[in-house]
Amino acid sequence: MVYITEWDKFAERSIELFRADPESTRYVMKYRHCDGKLVLKVTDNRECLKYKTDQAQEARKMEKLNNIFFTLMARGPDVDLSEVTGKDQMEAQPTKKGRGRKQ
């Protein structure tokens, strides 16, 4: 098992691992509330990549990686990932207006 300390390297190697063998690659998230730690694991039974964090700010990065994996699983491993970004999906959602005072 390899713990990767840099998020960008973990995401890149995880995508490469999935594209190499999409049939046997698994992606697992594990959250331990008592420790406040989140562990992400990507494995294909030959190579195992792990990333551990206790930072709440990295939830956006995890969400983006989830979207990438969902796209790869739905459209196939050869899909162009440049169109998969969290910003496009956020912009597509309507904005909510609060019920506060008018100024």
Side-chain angles (χ1 to χ4, degrees):
M1 276 185 250
V2 178
Y3 273 101
I4 299 175
T5 57
E6 295 178 30
W7 173 260
D8 294 330
K9 286 184 180 180
F10 173 75
E12 181 181 325
R13 288 188 59 193
S14 298
I15 293 168
E16 289 173 8
L17 191 64
F18 181 83
R19 283 188 163 162
D21 190 8
E23 294 294 321
S24 66
T25 302
R26 296 183 310 278
Y27 172 58
V28 179
M29 291 182 291
K30 181 177 170 183
Y31 178 71
R32 289 183 44 99
H33 182 68
C34 61
D35 298 333
K37 295 197 188 279
L38 176 70
V39 177
L40 304 176
K41 176 175 145 181
V42 179
T43 183
D44 67 350
N45 292 334
R46 290 181 299 259
E47 185 176 1
C48 181
L49 307 172
K50 288 180 127 182
Y51 180 80
K52 181 174 22 176
T53 185
D54 58 357
Q55 301 297 313
Q57 296 89 358
E58 295 190 352
R60 291 261 185 227
K61 294 178 184 178
M62 182 198 63
E63 183 179 350
K64 185 176 177 183
L65 186 64
N66 282 341
N67 289 338
I68 289 171
F69 272 116
F70 290 150
T71 302
L72 288 171
M73 290 176 193
R75 297 184 189 169
D78 299 326
V79 71
D80 181 24
L81 293 178
S82 62
E83 61 192 41
V84 181
T85 60
K87 291 182 181 178
D88 295 340
Q89 293 171 357
M90 295 297 282
E91 291 172 1
Q93 295 176 352
T95 58
K96 295 181 182 177
K97 294 188 177 183
R99 299 185 72 196
R101 288 190 311 165
K102 292 183 182 180
Q103 303 221 2

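Heads up: numbering here begins at 1 and tracks the sequence. It should be emphasised that the depicted structure is a prediction, and the values quoted were computed from it without experimental measurement.
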Point to revise | Distance in Å, F18 CZ paired with E23 CD, rounded so as to fall on 0.5 Å steps | key: 8.0 Å
Point to revise | Nearest non-hydrogen partners of V79 and R19, listed with the distance | key: O-NH2, 2.7 Å
Revision key, fill the gap. Nearest heavy-atom approach of F10 to K50 is CE1-C, 3.9 Å
Review point. Under 3.5 Å, is there a donor-acceptor pair between the side chain of R32 and the main chain of K37?
Key: no
Review point. In terms of the angle between their ring planes, are W7 and Y51 parallel, tilted or perpendicular, with boundaries placed at 30° and 60°?
Key: perpendicular
Review point. For V42 and S14, which heavy atoms make the closest approach, and how far apart are they?
Key: CG2-OG, 3.5 Å
Exercise for review: Mind checking the OG1-CD spacing from T53 to E58? Nearest 0.5 Å is all I need.
Suggested key: 3.5 Å
Check your understanding: Can you tell me how far CD1 of I15 sits from CG of L72, rounded to the nearest 0.5 angstrom?
Key -> 6.5 Å
Review point. According to a 4.5 Å side-chain heavy-atom criterion applied to Ile, Leu, Val, Met, Phe, Trp and Tyr, with indirect links allowed, do M73 and I68 form part of one hydrophobic cluster?
Key: yes
Check your understanding: Can you find a pair of side-chain heavy atoms, one from M29 and one from N66, that are under 4.5 Å apart?
Key -> yes
**Study point:** Distance in Å, L65 CG paired with M62 CE, rounded so as to fall on 0.5 Å steps
**Key:** 9.0 Å
Review point. If every non-hydrogen atom of L49 is compared with every non-hydrogen atom of E47, which pair is closest and at what distance?
Key: CD2-OE2, 3.6 Å
Check your understanding: Can you tell me how far the NZ atom of K30 sits from the CG atom of L38, to the nearest 0.5 Å?
Key -> 11.0 Å
